[in-house]
Number of protein chains: 2
Amino acid sequence: MLFSLSCRSVPLHSYADIHKANRKMKSPSQRKAVKAPTIKDLAKHVGVHISTVSRSLNPETRNLIGSDMVKKVLAAADELGYVPNSMASALRKGQSRTIGIVIPDLMNPIFPPFIRGIQDTLEEAGYTAFIANSDGNKDSEQLIVQKMKARIVDGLIMASAVFKNDPAIRECTKKDIPVVLINRDIEDENISAVVNDDRHGIFEAVKHLAELGHTRIAHVAGPQTTYTGLVRYRAFVEAMQTGDLIFDEYLINFAHGYSVQAGEKAFSQILDQKMDFSAVIAANDQLALGVLDSLAKAGKRCPKDLSLVGFNDMPLVDRINPPLTTLRIQHYEMGAQAARILLEELDNPKLPTRTMMLKPKLMVRKSTTKNKDH
Amino acid sequence: MLFSLSCRSVPLHSYADIHKANRKMKSPSQRKAVKAPTIKDLAKHVGVHISTVSRSLNPETRNLIGSDMVKKVLAAADELGYVPNSMASALRKGQSRTIGIVIPDLMNPIFPPFIRGIQDTLEEAGYTAFIANSDGNKDSEQLIVQKMKARIVDGLIMASAVFKNDPAIRECTKKDIPVVLINRDIEDENISAVVNDDRHGIFEAVKHLAELGHTRIAHVAGPQTTYTGLVRYRAFVEAMQTGDLIFDEYLINFAHGYSVQAGEKAFSQILDQKMDFSAVIAANDQLALGVLDSLAKAGKRCPKDLSLVGFNDMPLVDRINPPLTTLRIQHYEMGAQAARILLEELDNPKLPTRTMMLKPKLMVRKSTTKNKDH
DNA sequence: TTGAAAGCGCTAACAG
DNA sequence: CTGTTAGCGCTTTCAA
């Protein structure tokens with residue numbers, strides 16, 4: 001009953017708090033209905049015991065029952081429109097065939113493909129998912145996990161894991177409910193994860209720019225509190241220190257969030273330094289859009305005055321002006337993999353955890369071009 | 001220092017930190033399954049009967065219990081980390097505080113805001129949602145509804161209702177489980193719906209173009225098997241037959257789906273007729289993108305040679321080339337309204353059904369301009 | 001104000 | 001092969 005999976009306001013952790021939050025709940029309605037037939041009705045209709053019906057209905061135990069009996073039961077089920085009550089079954093079996101997905105925000109375009117990948121994979125295994133939005137809030141994330149557990153989810157896929165010391169995750173590992181991280185790896189717990197190979201992506205971007213003759217490359221980094229922000233930043237530094245590139249830490253600035261505005265602000269500050277550089281790699285597409293805005297305000301143009309590479313390949317960035325060179329992440333496939341791993345761990349809890357890394361693909365478009373000063 | 005520039009209020013995490021954390025990591029075998037405490041454990045811990053605990057926990061029945069008792073129980077619940085098993089409660093109460101959402105495809109960018117609106121509203125009432133994708137398939141939709149009912153959802157919000165004679169919907173009304181339609185109204189059943197005012201939107205678009213001097217306007221219509229496709233088409237015809245506009249049915253062509261490709265094909269066929277027109281309204285943004293592609297292939301340019309209006313205001317269409325004039329739908333608000341209506345019907349099953357219409361807003365951008373031939 | 005007891009619908013031993 | 005029985009964890013009469 002205490003249920004609300006997405007929480008944006010005040011952090012609430014105690015049991016009492018949860019109930020307080022729900023006090024405005026409406027009173028239950030007595031909906032009169034043609035109440036759904038139960039297994040009992042079915043049994044009566046066929047003239048056998050309910051356990052016979054149960055066994056006939058379950059493919060795993062069907063072999064225990066005479067095939068003509070099975071046929072009769074199935075026919076009756078069809079006739080009455082019987083649908084088993086999965087709550088009852090879940091209660092009895094102690095597993096709900098439900099998993100929880102925690103993401104920061106469904107409206108962020110990178111998440112729908114993740115989720116679709118998860119859902120499609122889960123569905124084949126007869127599982128369903130609850131989706132909750134944490135809005136990047138550590139506290140609400142913890143509350144969500146609590147509520148997910150109330151729903152007795154069999155497992156969890158988290159895309160919003162805070163980088164380190166995530167209490168929500170600890171909560172799960174403690175109770176031994178399997179968790180798979182997606183898009184974020186965490187190193188202080190023993191948990192499986194599916195991540196994009198950010199390092200590879202950044203190296204690809206740098207290589208691409210280097211081949212175009214760029215040597216002085218700036219980086220609008222993401223918040224270093226996020227996995228992607230940190231990993232891409234580190235990869236950038238590493239990549240720039242190889243080959244004939246000129247690494248200059250003053251060409252790096254950190255955005256305060258993954259928004260267009262944050263990108264614009266961060267890049268403006270780089271621009272204000274009046275330093276020499278001919279290309280920039282943004283930690284994601286949103287930031288890249290901000291770079292574009294900042295550039296426009298400075299009266300400069302992309303790619304003529306500056307080459308730009310994004311990260312994510314969000315929908316429509318191939319049609320903006322100029323079409324953005326960026327790294328395409330296998331979002332859907334990552335979701336599917338995460339689901340697969342979770343399913344396996346559900347099946348065999350003693351399985352060792354693993355981290356799977358999928359490579360992104362550089363989509364070369366019009367926002368990058370040869371360095372003319374070269 | 002540049003680095004500090006990026007800090008939020010949260011501390012930075014470096015790899016060094018992580019390794020440090022790693023070293024003191026517990027071995028995986030230490031993960032013990034501590035099975036969640038039940039109400040029984042709680043009762044034992046406090047030394048009272050489970051029904052006392054149940055009553056103390058539930059705000060509705062809490063008044064029946066001594067306030068010091070309540071306090072003790074709550075404290076114990078907190079201490080043990082007790083989270084009630086909502087399956088058990090659902091089973092007992094015959095109501096799950098869960099609702100189902102059926103959409104064609106989560107990856108279609110118009111749906112996430114719908115869902116977020118629904119989720120946020122539901123959350124306040126202590127409800128959660130299951131989301132299922134029907135991929136526009138009538139059969140899978142019906143299957144989904146069946147599964148949802150197995151999950152004992154208390155109600156349903158459907159965005160994928162086939163326009164007419166939807167068996168899935170009939171199934172629900174038959175069983176008296178409340179349904180709210182979103183983005184699609186249905187005429188042969190008595191069901192509440194929340195829709196965008198498509199007619200208003202099309203009229204706004206036509207008016208806008210008329211004011212720019214366009215008189216011959218084409219329409220790339222959506223599939224007439226969909227609610228939006230049909231309603232927008234009809235509105236277009238109606239709008240064109242008022243004022244000084246020149247209506248010509250040969251300037252209308254129907255796309256076979258809501259995809260870019262379908263839009264391109266449909267518009268190419270209009271173009272092939274070599275007729276005179278200076279503007280086009282596409283039934284949605286995807287189709288509008290197709291129009292842009294078709295136009296480019298024909299060596300013409302927007303808005304110089306043709307003004308274009310889309311529908312939906314998808315993310316980033318304001319940044320494509322040219323920024324698309326389109327109609328912004330209140331997706332999030334529609335979702336919230338649908339949830340509100342469902343909640344009310346859940347609360348009071350005898351409530352008369354209603355249809356709510358939200359007005360879209362014309363976002364004038366660069367894809368429309370004055371008709372120079374005028 | 002609290003306790004006892006009866007299930008919600010289903011599954012899984014254990015018998016026959 | 002099929003029936004009996006005992007719950008899963010919780011809510012809710014009905015008693016006390």
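Per chain, numbering begins at 1; letters A, B, ... match sequence-line order.
Judged purely by distance below 3.5 Å, without hydrogens or angles, the side chains of Tyr332(A) and Asp120(A) pair a donor atom with an acceptor atom. Remark: the Glu345(B) side chain and the Ser192(B) side chain contain an N/O donor-acceptor pair separated by less than 3.5 Å.
Summarising the geometry, the separation between CG on Leu64(A) and P on dA13(C) is reported as 12 Å, rounded to the nearest angstrom. The distance between atom CD1 of Ile152(B) and atom C1' of dC8(C), rounded to the nearest whole Å, is 10 Å. Lys93(A) places its NZ atom 13 Å from the C1' atom of dC8(D), with the value rounded to the nearest Å. When rounded to the nearest whole Å, the span between CD1 of Ile65(A) and C1' of dG3(D) equals 10 Å. For the pair Lys71(A) NZ and dC1(D) C1', the computed distance is 16 Å after rounding to whole Å. The distance between atom CE of Met87(A) and atom C1' of dC10(D), rounded to the nearest whole Å, is 13 Å. Atom pair Leu91(A):CG and dG9(C):P shows a separation of 12 Å (rounding to whole Å applied).
Between Ala88(B) and Gly66(B), the residue anchored closer to the 5' end of DNA chain C is Gly66(B), taking for each the nucleotide with the nearest heavy atom.
Taken to the nearest 0.5 Å, the CZ atom of Arg55(A) stands 13.5 Å off from the CZ atom of Arg62(A). Of the inter-residue distances, the one linking Tyr127(B) atom OH with Ile99(B) atom CD1 reads 9.5 Å to the nearest 0.5 angstrom. Interatomic distance, OG1 of Thr128(B) versus CG of Asp154(B), reported as 9.5 Å (0.5 Å rounding).
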Derivation of the salt bridge (Lys or Arg N to Asp or Glu O under 4.0 Å) call for Arg354(A) and Glu344(A): CA-CA 11 Å; Arg354(A) 53 206 144 129; Glu344(A) 284 173 26; 2.4 Å; yes
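OP1 or OP2 of dC10(D) has at least one side-chain nitrogen or oxygen of Tyr82(B) nearer than 4.0 Å.
Within residues 39-60 of chain A, the residues having any heavy atom closer than 4.0 Å to DNA chain C are, in order of number, Ile39(A), Lys40(A), Ile50(A), Ser51(A), Ser54(A), Arg55(A).
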